[in-house]
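In the text below, chain A, chain B and the rest are named by the order of the sequence lines, each starting its count at 1.
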Protein chains: 2
Amino acid sequence: MTQDQWVPPVVLLAVDLVILTLRQSHLHVLLVERGIEPYRGALALPGGFLQHAEEDITVAAHRELSEEADLDLETLSLEQLGVYGDPGRDPRGRVVSVAYLAIAPRLPEPTAGTDAAAAGWQPIERVLSGDLTLAFDHQRIITDGVERARVKLERSSLATAFCGPTFTITDLQDVYEAVWGIPLDPRNFYRKVQKTEGFIVPAGTARKATTGRPARLFRAGPCTVLYPPMVRPTESPSEKE
Amino acid sequence: MTQDQWVPPVVLLAVDLVILTLRQSHLHVLLVERGIEPYRGALALPGGFLQHAEEDITVAAHRELSEEADLDLETLSLEQLGVYGDPGRDPRGRVVSVAYLAIAPRLPEPTAGTDAAAAGWQPIERVLSGDLTLAFDHQRIITDGVERARVKLERSSLATAFCGPTFTITDLQDVYEAVWGIPLDPRNFYRKVQKTEGFIVPAGTARKATTGRPARLFRAGPCTVLYPPMVRPTESPSEKE
DNA sequence: GAAATAGTGTCTGTGAGACAATATGTC
DNA sequence: GACATATTGTCTCACAGACACTATTTC
């Protein structure tokens, strides 16, 4: 049934990272400028090939994360997003890429990592709208990553990963609003997160530089799974006839 | 920064299929007996290497599906589950496997496909309990696949993919109970699915061979996304203190 | 009629969404 | 005090869950 001497084809394996963060209440993704062909000069996700044949894929993802974005694993969520391996997505040959999604708290401008000509945070809207042109199929990967993040906010405490060690409830609301792209009622949001057992725990009171009543501070609670889940309003009320 | 002449390592790319179906109200997974080393004689997921360097991964998954299980794509859901590529998972070398999840309606016993020594449906409990020993990391892949299916039943109309072209509401309830592994109240279930716009549409009345009032028949409705979602009872009430 | 399965009605508790009202800070 | 933001309270509606009840079939 198989021909003599048939051997399975080999592929190059790469990892790509969708690193999301919040800047000025807007969701941003980390992009680098490619220094080599193909797509030289175009914006792309940080990533690269496995370093050697025995490197674990997850390890490779973490390696790229620190190489290209100076990000350590502190308070950082990193999960597999999927495989992108269309033949022809890379002119160099058959390259199959494993995409990872990382969520990071507010970060300093990453002034060019090790092997990227330029690096920077780009507003997610510019990517999703097609305003920016990205290398390979990276726009689709980012689209999938954002959607994954949106869904994860509903049932996991992931949102706290966008914040620093302590945060106010308003900070947390900003996260939800930015990722979901919709406004939420502060009063109802307040009640909801307080009622959700183990989501956040008190951590003193903030001294606010700005005007208004100072907010209480919280830190991430013990639970990673939210019950009941946060509900995303724009579910599909438009589904009605 | 890179050594002279450094070239990225290559890997072998495989696809593995988690094919789930319902038999006698129990969730089953399709397993084959391996005919070759490694793990010769052990049970494993159907799957195999890419056929040639230009084969699309999804195409390869469909190919394996028909090769190993005689299943065509009719009313069949097939989606990417994830990548499993730990170094050392396959003694033959660096093999990275893309796992797919397929949901199939009740099917005839698949009497050995093309290149598998034996094939058969195994109850999912035997796999999850560790009662059966599987090749490679296939137990973990199946565990992930079942969990994915459970979650998908909540918000998608996937459950109808387990049924034939027409089905009764009780049939549909059986699907939910089997996949979730918990009993549901028939009365509430009935109301719920009827109220969920576009989930199921009437399709005549069944003539039952058994006793009792004949049930109405339905077929899958136009909506693939359920709103409001079906709620899985055992969410995490045990999370309470 | 008895048994069995299908389908409906009703009540109750929880939680989402709207929004008024109150608290506590800065200027 | 004026203003701004934080926090609490209240009302209403939708829906999950429990479960009594009615309907329609076979025997």
Can you tell me how far [atom2] of [N] sits from [atom1] of [X], to the nearest Å?
X        : N      : atom1 : atom2 : value
A/Gln194 : D/dG9  : CD    : P     : 12 Å
A/Leu226 : C/dA16 : CG    : P     : 12 Å
A/Ile169 : D/dT8  : CD1   : P     : 8 Å
A/Lys192 : D/dG9  : NZ    : C1'   : 18 Å
A/Phe218 : D/dA6  : CZ    : P     : 12 Å
A/Tyr190 : C/dG15 : OH    : P     : 18 Å
A/Tyr227 : C/dG15 : OH    : C1'   : 11 Å
A/Gln173 : C/dA16 : CD    : C1'   : 15 Å

Review point. Just by distance, with hydrogens left out, do A/Asp144 and A/Tyr84 show a side-chain donor and acceptor under 3.5 Å apart?
Key: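 Note: A/Asp144 and A/Tyr84 side chains meet the donor-acceptor criterion.
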Check your understanding: A/Thr170 has a side chain; which of C/dA16, C/dA4, D/dA6 sits nearest to it?
Key ->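 Given the options C/dA16, C/dA4, D/dA6, the side chain of A/Thr170 is closest to D/dA6.
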Point to revise | Residue B/Arg216, side-chain atoms from C-beta onward, closest of C/dA4, D/dA6, C/dT8 | key: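 It is C/dT8.
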Exercise for review: Could you list the residues that satisfy side-chain contact (heavy atoms from CB on, under 4.5 Å) with B/Ala159, not counting sequence neighbours?
Suggested key: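 side-chain contact (heavy atoms from CB on, under 4.5 Å) check on B/Ala159 returns B/Leu153, B/Leu172, B/Val175, B/Tyr176.
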Point to revise | side-chain contact (heavy atoms from CB on, under 4.5 Å) involving B/Asp185 - partner list, sequence neighbours excluded | key: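 Testing B/Asp185 for side-chain contact (heavy atoms from CB on, under 4.5 Å), a comparison that skips the adjacent residues, returns B/Arg187, B/Asn188.
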Check your understanding: Quick one: what's the B/S/- string for nucleotides 17-24 of chain C, heavy-atom cutoff under 4.0 Å, read 5' to 3'?
Key -> BBBB--BB
Check your understanding: Any ring pair (Phe, Tyr, Trp, His ring centres under 6.0 Å) pairs touching residues 123-149 of chain B, not counting sequence neighbours?
Key ->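 Only B/Tyr39-B/Phe136, B/Phe136-B/His138 qualify under ring pair (Phe, Tyr, Trp, His ring centres under 6.0 Å).
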Non-neighbouring partners of [X] that pass salt bridge (Lys or Arg N to Asp or Glu O under 4.0 Å), sequence neighbours left out:
X        : result
A/Asp137 : A/Arg89
B/Asp171 : none
A/Lys192 : none

Point to revise | With A/Arg150 via side chain to side chain donor-acceptor pair (under 3.5 Å) - residues at least two apart | key: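 Checked A/Arg150 against side chain to side chain donor-acceptor pair (under 3.5 Å); zero matches.
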Point to revise | Side-chain heavy-atom pair A/Thr196, A/Tyr227 within 4.5 angstrom cut-off | key: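 When only atoms from C-beta onward are counted, A/Tyr227 and A/Thr196 do not touch, as no gap falls below 4.5 Å.
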Point to revise | Overall bend - the helix from C/dG1-D/dC27 to C/dC27-D/dG1, comparing terminal axes fitted on five pairs, nearest 10 degrees | key: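 Rounded to the nearest 10 degrees, the bend comes out at 10°.
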